[in-house]
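Small disclaimer: the values here were computed from a predicted structure and weren't measured. All residue numbers in this chain count up from 1 along the given sequence. Only this structure's heavy atoms are used, side chains among them; waters, hydrogens and symmetry mates stay out.
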Amino acid sequence: METKKLYIGGEWVDGPLSKPNINPSNTADIIAEYACGQADQVQQAVAAATSSWPTWAASTPQQRFNVLDFVGTELLQRAEELGTLLSREEGKTLPEGIGEVQRAGYLFKFFAGEALRNSGELVQSVRPGVWVDSVREPIGVVGIVTPWNFPIAIPAWKIAPALAFGNAVVFKPAELVPGSAWALAEILSRSGLPKGVFNLVIGKGSQIGKVLVEHPDIAGITFTGSIEVGGQIAAACGRNMKKVQLEMGGKNPLVVLDDADLDVAVQVAIQGSYFSTGQRCTASSRLIVTEKIHNAFVSAMIEKLGTITVGDALKKETHIGPVVDQSQLDKDLEYIRSGVSEGARLACGGEVLKRDAPGYFLAPALFTDSRPEMRINREEIFGPVASIIRVKTYEEALEMANDTPFGLTSGICTKSLKHAQHFKQHAQAGMVMINLPTAGVDYHVPFGGRKASSYGPREQGSYAKEFYTTVKTTYTMAG
Ligand code: NAP
Ligand code: MG
């Protein structure tokens, strides 16, 4: 089997080792072998980025537009092929995989436009005859570290703005899903970028990711992943005075009020909690339901879950694909056991399912009668598991929704404008969803959270420039 290589300084290079990329829907299916880099290859990638960065920093907005637009166009043209690869390596369903590749394409197109829209400010000085302008300049070499759950969209929403604003990139994807990252790198290798501006290093985070994060020539690290690793990265960046942006976990609430449309609420809860196998930082995991609608909501959820098909990500009839790997499946099952032992009622699901091929299939689990202090309601599970917390009033629901160390998304289903408006103002989260799933966001608006979910400037939309640029203020006196 051919081994897919690393991309360093404009060349495809082998690593000392390689690893198979395994399909979680069928562990006998090896997608390809991918090279694993070592520390000195990270050094080479950073050196290549450092020496080529000035050329790219001096490129015109038109050159940047052309590169990003090329990548966006090819992603959109190849969405079906690359979406199939994505679903095969990560396990989300084919429509979800194709949708994610399309989103990556639109992200590149959006940031192609942002390269043209990188405007500054001109003001008159308080001193006579002096003008002051403020412009945004690139920060330098950006290190990009991404998780496995969005193998192409998250890399896209970091790589595209980094390049749009004139930075060079060293990209380290999650080792579990190198296929989509490699395919994106291959497109970038043909996009017209000068050699060395974009580099791909694959390998274990605790080894090569760490070298990248601690490298003195890296100007900033943008990371999406777990809170544990995020904390280590923030500390390392703080010590070295690097710019840092972290997007981490969630424990997102969905409030369902008595006056909600029951069908809408069930649809929103099922989609937000279980689709993409619940492996989304924005997934709803705490369903906070007021008492008059509670029983009807529980029955409708159980009935709906009975119609959901869990299976091979690539099969047409599948609604929910497998869990990504054995260790995530073990973690999900451990949380399900802890929910039961702490006294929540497992109303349905939670068992490992057998399918034709060996894979990591888990029936979506719904807990009822759960209490806020249980582990299943405090810690991020990152699987198809949700729990219902019953409350009396809207006020209690809001308090419960905010009672978490996290603050990524927060949702409410209600027909009351008064409660929706109040919730929008008082939810302690970076993103609020009203009668919509907590997961599922647009590509042209800011993305990020509060509290332990995020650290540093927002990603995406026009806000992305905050991380990828630094401001220069110039005072000019006509001589
Ligand atoms: P993770 O274990 O934190 O890994 C994320 C990335 O960091 C991977 O590329 C990993 O490499 C790398 N890494 C691990 N240790 C490192 C270190 N010491 N130094 C530098 N890099 C290191 O997270 P994950 O399990 O892939 O993803 C799941 C988590 O991501 C969940 O907590 C989820 O909530 C979060 N997430 C957040 C968002 C958001 O936008 N807020 C979006 C998606 C996911 P390897 O895995 O290759 O070893
Ligand atoms: Mg895989």
Review point. So is K92 actually on top of F150's ring, under 6.0 Å and inside 45° of the axis?
Key: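 Relative to the ring axis of F150, which defines the angle, K92 lies inside both limits.
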Exercise for review: Test L200 against L6 for side chain to side chain contact (heavy atoms under 4.5 Å, CB included), laying out the working first.
Suggested key: CA-CA 6 Å; L200 169 74; L6 315 175; 5.6 Å; no
May I ask you to check whether over 12 heavy atoms, not counting those of [X], lie within 6.0 Å of atom [atom1]?
X	atom1	result
F447	CZ	yes
K304	NZ	no
E291	CD	yes
K210	NZ	no

Between [X] and [Y], a side-chain donor and acceptor under 3.5 Å:
X	Y	answer
E247	S454	yes
D259	T414	yes
E373	N377	no
N149	Q279	no
K315	S25	no

Ignoring hydrogens and angles, tell me if any N or O in the side chain of [X] forms a donor-acceptor pair with the backbone of [Y] under 3.5 Å.
X	Y	value
Q245	P457	yes
S87	T93	yes
D258	K292	yes
S453	G407	yes
K242	H215	yes

Side-chain contact test, heavy atoms from C-beta onward, threshold under 4.5 Å: evaluate it for [X] versus [Y] and give yes or no.
X	Y	answer
E459	F467	no
T393	T290	no
Q102	L76	yes

Fit a plane to each ring of [X] and [Y], take the angle between them on a 0 to 90° scale, and name the class: parallel (under 30°), tilted (30 to 60°) or perpendicular (over 60°).
X	Y	answer
F198	F171	tilted
W12	W182	tilted
H319	F275	tilted
F110	H444	perpendicular

Review point. Quick one: are the ring centres of W148 and F382 less than 6.0 Å apart?
Key: yes
Check your understanding: Quick one: are the ring centres of Y443 and W157 less than 6.0 Å apart?
Key -> no
Exercise for review: Show your reasoning for whether salt bridge (Lys or Arg N to Asp or Glu O under 4.0 Å) applies to K4 and E33.
Suggested key: CA-CA 6 Å; K4 306 277 190 189; E33 283 279 329; over 6 Å; no
Shortest non-hydrogen separation from [X] to [Y] and the atoms involved:
X	Y	value
C413	L254	SG-CD1, 4.1 Å
L366	L287	CD1-CD1, 4.1 Å
G37	I208	O-CG2, 3.6 Å

**Study point:** Test side chain to side chain contact (heavy atoms under 4.5 Å, CB included) applied to K418 and F423, step by step
**Key:** CA-CA 9 Å; K418 180 179 145 201; F423 188 80; over 6 Å; no
Exercise for review: Determine, stepwise, if the pair I218 / V142 fulfils side chain to side chain contact (heavy atoms under 4.5 Å, CB included).
Suggested key: CA-CA 6 Å; I218 295 274; V142 176; over 6 Å; no
Exercise for review: Check step by step if side chain to side chain contact (heavy atoms under 4.5 Å, CB included) holds for I144 and F223.
Suggested key: CA-CA 6 Å; I144 296 180; F223 165 86; over 6 Å; no
Check your understanding: Hey, are D403 and R378 close enough for a salt bridge, meaning a charged N less than 4.0 Å from a carboxylate O?
Key -> yes
Exercise for review: Report the C-alpha distance between R78 and E81 in whole Å, list the side-chain angles of each, state the deciding distance to 0.1 Å, and finish with yes or no for salt bridge (Lys or Arg N to Asp or Glu O under 4.0 Å).
Suggested key: CA-CA 5 Å; R78 294 173 59 195; E81 172 212 340; 2.9 Å; yes
